[in-house]
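One structure below.
Note on naming: letters A, B, ... go to the chains in the order of the sequence lines (proteins, then strands), and numbering restarts at 1 for each one. All values below were derived from every heavy atom in this structure, side-chain atoms included, with hydrogens, water molecules and symmetry-related copies excluded.
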Amino acid sequence: MIPLAEVGFVEATWVMVVKSVLIFLLVFLIVPVLTVAERKLIGRFQNRYGPNRVGPMGLLQPLADIMKLAGKEMFRPSGAVPLLFAIAPALVIFSGIVTLAIIPFGNVQEGIGLYGIDVSIGVLYFFAFGSLSFYGLLLAGWSSGSKYSFLGSMRSAAQLISYEVSMGLSLLGGVMMAGSLSLTSIVEAQDEIWFIVPQFVGFLIFMVAGFAETNRAPFDLPEADAELVQGYMTEYGGMRFGSYLLAEYLEMFVVSAIAVTFFLGGWMGPGPGWLDPVWMIAKVLTLIFFFIWVRATLPRLRYDQLMSLGWKIMLPLATLNVLVTAILVTVL
Amino acid sequence: MKEVCFFLGAIGCLGGAIAVIGLRNPFYSVLALIVHLISLAGLFLLLQAEFLAAAQIVVYAGAVMVLYVFVAAYVGNVEESLWEPIPGQRWIAPLLGLALFAELSIAIIGSGLKSLDTEGPTVELGFGSPEAIGRLMLERFLIAFEAASLLLLIAAIGAVVLAARRRESAPPGVQPGGEHVDSQPGSPAGIPERAAG
C-alpha cells in the first residue's frame, strides 16, 4: 500500500492505531483540565474564588459541566439549515484533533516517534486544517438563520483572513533557520539556541496572530458576548455548543504547541529522554497560562483597531522579519 | 485501499463540480466548490504530491474560497434576472464547453495517456517535494515566476488605488469605504430565513 503522505519513517500499523487512540484520549484529558484551570485562574485574577463546590477544590467542575451540557436539548432554530447546522461543530472538532497529530512530544525513542505523524510538509498541514476549521465557524453562523450568528461568523471570516497571513510569515523565519518544514527537524535545529532568541519578532507576531486565530480575548470579536451574545454559536445548545467550547481549548493547545515547537525548543530540556514529553507539555501549559492571563487583563479590541493592527502593523513587521532572516541566513 | 481512496476523491470531485453549476443558491454552489477543491487535494495526496495538496487547501479552499463565501453570504440570493444578460449565452456556453473538452482531450491523449498500461511514469525521488518545487520556481522558471508575482503586485496596487479613489468621491453621509452601508435595514439577504421565503 502506498502511504497517503510521505512520512519521516515507517511504523507498524498497530503503532499508528495506538497513537491515534492516545491522541484522542489526550484531547479528552486536556480539555477538562484546561476549562477548570481557566475558570480557577480567571477567578483568582478577578479576586474571587472561582469554582470550588464540585469535588475537592472544585476540581470535578468540568465533569458537572459536561453532564449538564450532555443532558440539554440540542436545540435547532426553525430557520436553520439542518445538515449544515449539524456539520459545522463536527468540522471544528475534526480539524482541531487532526492538527494535534503533527505536534511532536519527543523524538524517536526505541523505534517509536512520540508524535502522530511527521509529515514532510509539516507546518503547512497545520495551516491546511486551520483553514478548514474556519468553515466550521462560518457555516455555523450562516446556517443558524440568526443575525447575531451571521454577524459573528462574518467577523471571524475577516479576522481569520487578516491574521492568517502574518501567522504564516512569522513561522517562515524558523523554517528558514532550520532549513526544513518538518516539525521534528525544526526542534532538532534548536539544539544550540532556542529560536525565540533570534526570532523574537516572529514569536511576538505568532502569539498575537495566535490569539486572533483562536478567537481568544482581546480578539474575541466573533463571540463578543456583550454585543453578539456569543456570535456564531448563539443558536447552539447541548453538546453541539459544548463542542465549540472543546474546540476553542483544543485550538489554544495546538497554537501553544506550535509556538513551543517553533520558538521554545519543543521537547528539549535537561534530563533523560523519557522526560521529553513532560518538558513539552510543561512548556505548552505555560503558554496556555499566558493565554488565560491575557484574557483576564486586556479589553476587547474594536473592529477597526483589529483590522489596522493586522494589516498595518503585523503584516509589514512579519514581512520585514522574513526578509531580514533570509538575508542573515544566506550571509552567515 | 488506494483504489477506494481514488474513487472517493473522484466522486467528491465530480459531484462537487456538478453541484457548483447545478445548485440554485450561490452559497451552496460555493460550498460545493470547496468540496470539489478538497477532494482534488485528496487526489494530489494519492499522487504523492503533499506540498501541492497542502497548497491547494491553504490557498484555494482556505483563502480564495473564504472570500467567495464572504461575498455569497453577504449578497446572498440575488433575484435572477428574467432575461439573459448575455444574449445567446444558452447556446454559446455548451459550444465553448465542448470545444474546451475537445482541446483537453487532445492534450491529455497526446501526452499523459502514454503512461497508461505501463508501470506508470518514472518519477525521481523527491519529486513534488517543497524543495523540488522551490527549485523549479526559482531556478528553471524564474522569469515566469517573477512575471506572475509582478502581475499580482500590480493587481494589489490597483485595488488600493481604486478603493482610495472611491473614498474621495463618496458623497457625505456615505461611510468611507462604502462597503458597510446596508441599504436594506432588514436581514442580510444571504441568511437562510430569507432564502426560504
Is [X] in contact with chain B via its backbone, its side chain, both, or neither, using a 4.5 Å heavy-atom distance?
X        : answer
A/Phe134 : side chain
A/Leu124 : both
A/Leu160 : neither

Can you establish whether the number of heavy atoms outside [X] located under 6.0 Å from its atom [atom1] is more than 12?
X        : atom1 : result
A/Phe127 : CZ    : yes
B/Leu104 : CG    : yes
B/Phe51  : CZ    : yes
B/Met137 : CE    : no

Nearest 0.5 angstrom please: [X] [atom1] to [Y] [atom2], how far?
X        : Y        : atom1 : atom2 : result
A/Ser131 : B/Ile34  : OG    : CD1   : 10.0 Å
B/Phe27  : A/Ser143 : CZ    : OG    : 8.0 Å
B/Glu131 : A/Leu181 : CD    : CG    : 7.5 Å

A/Ala128 to B/Ala54 - nearest heavy-atom pair and separation: CB-O, 4.4 Å
Most chain A-contacting option - heavy-atom pairs closer than 4.5 Å, from B/Val66, B/Ile57, B/Val58: B/Val66
Expected output: side-chain A/Tyr135 to main-chain B/Leu31 donor-acceptor under 3.5 Å: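 Answer holds: no.
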Which word best sums up how the rings of B/Tyr28 and A/Trp142 line up, parallel for under 30°, tilted for 30 to 60°, or perpendicular for over 60°? perpendicular
